[in-house]
**Student:** 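One structure coming up, written as structure tokens, with questions to follow.
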Amino acid sequence: MRQTGSDQTPDVAEETARLRSEIEDANYRYYVLDEPTLSDADYDRKFRRLQELEAQHPEQLTADSPTQRVGAKPADGFEEVVHAIPMLSLDNAFNADEISAFAQRVAERLECTADDLGFSCEPKLDGAAVSLVYEQGRLVSGATRGDGRTGEGITSNLRTLRSVPLVLRGDNPPALLEVRGEVIISHEGFEACNKAARENGSKVFANPRNAAAGSLRQLDPRITATRPLAFHAYQAARLEPDMGDETHSALMQRLSQLGLRTSKELAVMKGPQAVVEYCHALGEKRDQLGYDIDGVVIKVNNLRLQRELGFVARAPRWAVAFKFPAQEETTTLNEVEFQVGRTGAITPVARLAPVSVAGVTVSNATLHNADEIARLDVRIGDTVTIRRAGDVIPQVVRVDLAKRPENARPIEFPDNCPVCGSDIERLEGEAVARCSGGLYCPAQRKEALKHFASRKALDVDGLGEKLIEQLVERDWVKTPADLFHLKVGELQNLPRMGEKSSANLVNALNTAKRTTLARFIYALGIREVGEATAANLAAYFGTLNALEQADLETLESVNDVGPIVAAHIHTFFRQPHNQQTLVALLDAGVSFDEAEVHQGPKPLEGQTWVLTGTLESMTRDDGKARLQALGAKVSGSVSKKTAGLVAGAAAGSKLTKAEQLGVEVLDEATFLNRLQAWEAS
DNA sequence: CCGCCTCGAGGTCA
DNA sequence: CTCGAGGCGG
């Protein structure tokens, strides 16, 4: 109640401001501190009053108002967002020894004792990683992790989370804050969500992680708003100005003051032994946390030391993720089938009685190869233990021999391809067995076509698995070249293919004809030639003809091509049926730009270069590619042997190190000049 | 590998 | 309403 006792109309601006601050305060206490102070009824009353005022006085409405969390309209897709700083993954540790080894590595690099180092430890939440950007204290964008380099802009969905402040708390927000964290759904929220779903007959979620990730990908933020999502911050990727925090733990406290939820379990442990104890303790506590975690994130607490340690290609040197042992379940093995891959590799796949492992139903598991079957001594009918390895791929861990039934049947590895009947060969010293049928084998043909049409190859839209199956079964398509002769009329005879779908496919094929040499090489499906190698080959040879004619020695001088890959490529182009297919593809109108490529001098041959900081005129990857094209190796860390360091804006410890070691340092302008000179030579 | 979302199209039924 | 394709993420 107001205490003025006056019946004068209160100042509207003042009241809306007060309501907003009270509501955000309540959000903060409830969703960030987990200490609700306002009853739901009071909250609702204030919220409605604010809505009412804003409706009456539209001039008072601001985008930051708590009433504006839920956007009105569905988006029509998400935009690509390039992370200013990549969202890296962490190296994993699976036991105490690996944790100690991590601490030891860090200590050696810092030339100190592991026992003296402070490590910040916190639960590794199992949700979806996102990044939020605040400018002048206001939330301006939010994105998914994506591949780490670019993610999807899901700002309007993230705005609906009440644990995501629209405005940072406090009078002096930083000019820039990019905060990373995990969006999760608690067990309680998950149950409530599924209860609601069951009541209105819609789909229930399999586990909280997928529910969280799925909710973030809704086009309509109004749906996202109904999901009990929570954001937990774990890192400040950018903070300007630097607010003087010396440790990760202090920085997390700072984030919490700014209104962001951080882990209540965070603790700083001194030395690896204490870290291991923390991991054990958290493991014990895991079930009482109320949300899913899959391990512990361990970071060097001191931020200056973090900077000194820096990064390797994919992960920071100053952190590691301890993963709890994967959950195991037992089930029965009903059957083993043998799948034939694109290269003819025969993979035994266990068909299991469906069993739920860590929230997902597992009914298949790979047995890898004959050696693995022998090692496990597994038979059909056995009771087996299943685990999801590395979070993902289901694995048969062991067999319960005590439960082996009388009639358990040994698994016979076939001598002939289950699909085409060709001999199965296993080369000396190799674990894999292969169908020798080549493209005579329909299974290999299907896989080859799938590969040919895939996104990173010719990217034929609408040519999916089922359709390829039909086309191969009917013998309409024997080689990729045949695809381009398909007619709308005949396609319509296939199930689920009407006039529209057929025309779309033919159009997609026509579009796909125009491609690049790199994609084309990749699409051929030469053994061991993936996307990266194909790109290297295209850049090196420039023309298909040059690649075809290349001898083994020339092939081996290409980046990343060794004797084995060279031999695969060489052999591929000398098979008559491959030659026929190539000719047929070109005849069908498949085309790509060809360029005579400088195979001339490589001015940076034998040198190692390092890039650091932010470049204005290109991405670091582009700079790297151009250096590599000149023959240089590009590495991530500066050493005595480094030929030069390219330092962009905000270069850090690498610059210092280079200066110490007397390594030549180039600023961006100089680098560009040199590049031009080198490339011209 | 599995689960999730979205889209376009085909099939079914009234 | 259902299916297939495509994309994302862990």
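From a predicted model like this one, the values you see are computed outputs, not experimental measurements. In what follows, every chain begins at residue 1, and chains take the letters A, B, ... in the order their sequences are listed.
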**Student:** Under 4.0 angstrom, heavy atoms only, what part of the nucleic acid is A:V460 near: base, sugar-phosphate, or nothing?
**Tutor:**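 Since only primed, P, OP1 and OP2 atoms lie under 4.0 Å of A:V460, the category is sugar-phosphate.
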**Student:** B:dC5, C:dG10, C:dG9: which one has an atom nearest the side-chain heavy atoms of A:D126?
**Tutor:**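 Closest nucleotide among those given: C:dG10.
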**Student:** Reckon A:A128 touches a base, only the sugar-phosphate, or nothing at all at heavy-atom distances under 4.0 Å?
**Tutor:**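 Sugar-phosphate only.
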**Student:** Where each residue is assigned the nucleotide of DNA chain B containing its nearest heavy atom, which of A:Q218 and A:A365 is assigned the position nearer the 5′ end?
**Tutor:**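 Its nearest nucleotide being more 5', the pick is A:A365.
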**Student:** With no hydrogens and no angle check, do the side chains of A:T383 and A:D400 hold a donor and an acceptor under 3.5 Å apart?
**Tutor:**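 No donor-acceptor contact under 3.5 Å links the two side chains.
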**Student:** Does A:S215 put a side-chain nitrogen or oxygen below 4.0 Å from OP1 or OP2 of B:dC4?
**Tutor:**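 So the side chain of A:S215 is outside the cut-off, no N or O lying under 4.0 Å from OP1 or OP2 of B:dC4.
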**Student:** Looking only at side-chain atoms of A:I393, point me to the closest of B:dC1, B:dC5, B:dG8.
**Tutor:**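 For the A:I393 side chain, the nearest candidate turns out to be B:dC1.
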**Student:** Check for a donor-acceptor pair, side chain of A:N210 on one end and backbone N or O of A:A206 on the other, with a separation under 3.5 Å.
**Tutor:**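 No, because the side chain of A:N210 does not come within donor-acceptor range (under 3.5 Å) of the backbone of A:A206.
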**Student:** Do the ring centers of A:F324 and A:F94 come within less than 6.0 Å of each other?
**Tutor:**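 Between A:F324 and A:F94, the centre distance exceeds or equals 6.0 Å.
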**Student:** Can you see if the side chain of A:S501 gets near the phosphate of B:dG10 - specifically, an N or O under 4.0 Å from OP1 or OP2?
**Tutor:**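 It does, given that an N or O in the side chain of A:S501 lies less than 4.0 Å from OP1 or OP2 of B:dG10.
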**Student:** Distance check needed: C:dC8 P versus A:D147 CG, whole Å only.
**Tutor:**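 It is 9 Å, rounded to the nearest whole Å.
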**Student:** Closest approach to the side chain of A:T361, judged atom by atom: which nucleotide of B:dG3, C:dA5, C:dC8 is it?
**Tutor:**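 Selected nucleotide (nearest to the side chain): B:dG3.
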**Student:** May I ask you to say what A:E499 touches in the nucleic acid, namely base, sugar-phosphate or nothing, with a heavy-atom cut-off under 4.0 Å?
**Tutor:**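 Sugar-phosphate, backbone atoms only, no base.
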**Student:** Nearest whole Å is fine: how far is C:dG10 P from A:R387 CZ?
**Tutor:**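 Checked: the CZ to P distance equals 22 Å.
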**Student:** Would you say CG of A:N200 has more than 12 non-hydrogen atoms from neighbouring residues, nucleotides or ligands within 6.0 angstrom?
**Tutor:**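 More than 12 heavy atoms, drawn from other residues, nucleotides or ligands, come within 6.0 Å of this atom.
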**Student:** Using distance alone, with no hydrogens and no angle criterion, decide if A:R261 and A:S163 have a side-chain donor and acceptor under 3.5 Å apart.
**Tutor:**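 Not at all, the side chains of A:R261 and A:S163 share no donor-acceptor pair under 3.5 Å.
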**Student:** So that I can tick it off, tell me whether A:K446 and A:E465 are bridged by a salt bridge, with the cut-off set at under 4.0 angstrom between side-chain N and carboxylate O.
**Tutor:**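 No salt bridge links A:E465 with A:K446.
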**Student:** Could you state the NZ-P distance from A:K203 to C:dT2, rounded to the nearest angstrom?
**Tutor:**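 Result: 15 Å.
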**Student:** Which nucleotide, B:dT6, B:dC4, C:dC3, lies nearest any side-chain atom of A:A206?
**Tutor:**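 The listed nucleotide nearest to A:A206's side chain is B:dC4.
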**Student:** Can you tell which of C:dG7, B:dG10, C:dG9 lies closest to the side chain of A:R455?
**Tutor:**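 Among C:dG7, B:dG10, C:dG9, the one nearest the side chain of A:R455 is C:dG7.
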**Student:** Using a strict cut-off of less than 4.0 Å between a Lys/Arg side-chain nitrogen and an Asp/Glu carboxylate oxygen, indicate whether A:R426 and A:D371 qualify as a salt bridge.
**Tutor:**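 Salt bridge flag = yes for A:D371 with A:R426.
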**Student:** State which of B:dC4, C:dG10, C:dA5 makes the closest approach to the side chain of A:L467.
**Tutor:**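 Between B:dC4, C:dG10, C:dA5, the one nearest the side chain of A:L467 would be C:dA5.
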**Student:** Across the strands shown, which category fits A:S502 at heavy-atom distances under 4.0 angstrom: base, sugar-phosphate, nothing?
**Tutor:**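 Answer is nothing: A:S502 stays at 4.0 Å or more from every strand.
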**Student:** Taking atom types as modelled and ignoring hydrogens, do the side chains of A:R180 and A:S131 form a donor-acceptor contact shorter than 3.5 angstrom?
**Tutor:**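 Indeed, the side chains of A:R180 and A:S131 share at least one donor-acceptor pair under 3.5 Å.
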**Student:** Which whole-number value in Å describes the distance from A:I184 CD1 to C:dG9 P?
**Tutor:**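 It is 18 Å, rounded to the nearest whole Å.
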**Student:** Answer yes when A:E335 and A:R351 have at least one side-chain N-carboxylate O distance shorter than 4.0 Å, and no when they do not.
**Tutor:**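 Result for this pair is no, no salt bridge flagged.
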**Student:** Counting the atoms with a prime plus P, OP1 and OP2 as sugar-phosphate, which does A:T144 contact under 4.0 Å by heavy atoms, base, sugar-phosphate, or nothing?
**Tutor:**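 The answer is sugar-phosphate, as A:T144 gets under 4.0 Å only of primed atoms, P, OP1 or OP2.
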**Student:** So what does A:G146 touch, heavy atoms closer than 4.0 Å: a base, only the sugar-phosphate, or nothing?
**Tutor:**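 A:G146: backbone/sugar contact only, no base atoms under 4.0 Å.
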**Student:** Between the side chains of A:E490 and A:Q492, is a donor N or O closer than 3.5 angstrom to an acceptor N or O?
**Tutor:**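 Result is no, nothing qualifies.
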**Student:** Taking only the side-chain heavy atoms of A:E152 (C-beta and beyond), determine which of B:dG3, B:dT6, C:dG9 contains the nearest atom.
**Tutor:**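 Per side-chain heavy atoms of A:E152, the pick is C:dG9.
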**Student:** Could you work out which one of C:dG10, B:dC5, B:dG3 sits closest to the side chain of A:R227?
**Tutor:**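 The closest nucleotide is B:dC5.
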**Student:** Report the nucleotide, chosen from C:dG4, B:dG10, B:dC7, that has the shortest atom-to-atom distance to any side-chain atom of A:K500.
**Tutor:**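 Side chain of A:K500 sits closest to B:dG10.
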**Student:** For C:dA5 and A:N504 - does any side-chain N or O of the residue sit under 4.0 Å from the phosphate oxygens OP1/OP2?
**Tutor:**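 The answer is no; no side-chain N or O of A:N504 sits under 4.0 Å from OP1 or OP2.
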**Student:** Starting from C1' on C:dG10, measure out to CG on A:N92 and report it in whole angstrom.
**Tutor:**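 To the nearest whole Å, that distance equals 12 Å.
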**Student:** Answer yes or no: side-chain N or O of A:R217 and base N or O of C:dC8 forming a donor-acceptor pair under 3.5 Å.
**Tutor:**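 In this structure, the two groups form no donor-acceptor pair.
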**Student:** If you check the A:R145 side chain, which of C:dG10, B:dG11, C:dG9 turns out closest?
**Tutor:**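 Of the candidates, C:dG10 comes closest.
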**Student:** Judged by each residue's nearest nucleotide on DNA chain B, which is more toward the 5′ side, A:N364 or A:R496?
**Tutor:**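 Mapping each residue to its closest nucleotide by heavy atoms, the 5'-most match is A:N364.
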**Student:** Report the distance from atom CG of A:N210 to atom C1' of C:dG10, rounded to the nearest whole Å.
**Tutor:**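 Interatomic distance, CG of A:N210 to C1' of C:dG10: 8 Å.
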**Student:** Reckon A:G77 touches a base, only the sugar-phosphate, or nothing at all at heavy-atom distances under 4.0 Å?
**Tutor:**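 It contacts nothing in the nucleic acid.
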**Student:** Would you kindly give the CZ-to-C1' distance between A:R351 and B:dC1, to the nearest whole Å?
**Tutor:**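 That distance rounds to 12 Å.
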**Student:** Quickly work out the A:N157 CG to B:dC5 P distance and round it to whole Å.
**Tutor:**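 Roughly 12 Å, once rounded to whole Å.
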**Student:** Would you write out the dot-bracket form of DNA chain B, 5' to 3', with Watson-Crick and G-U pairs under 3.5 Å, [ ] for crossing pairs, | for pairs to other strands and . for unpaired bases?
**Tutor:** ||||||||||....
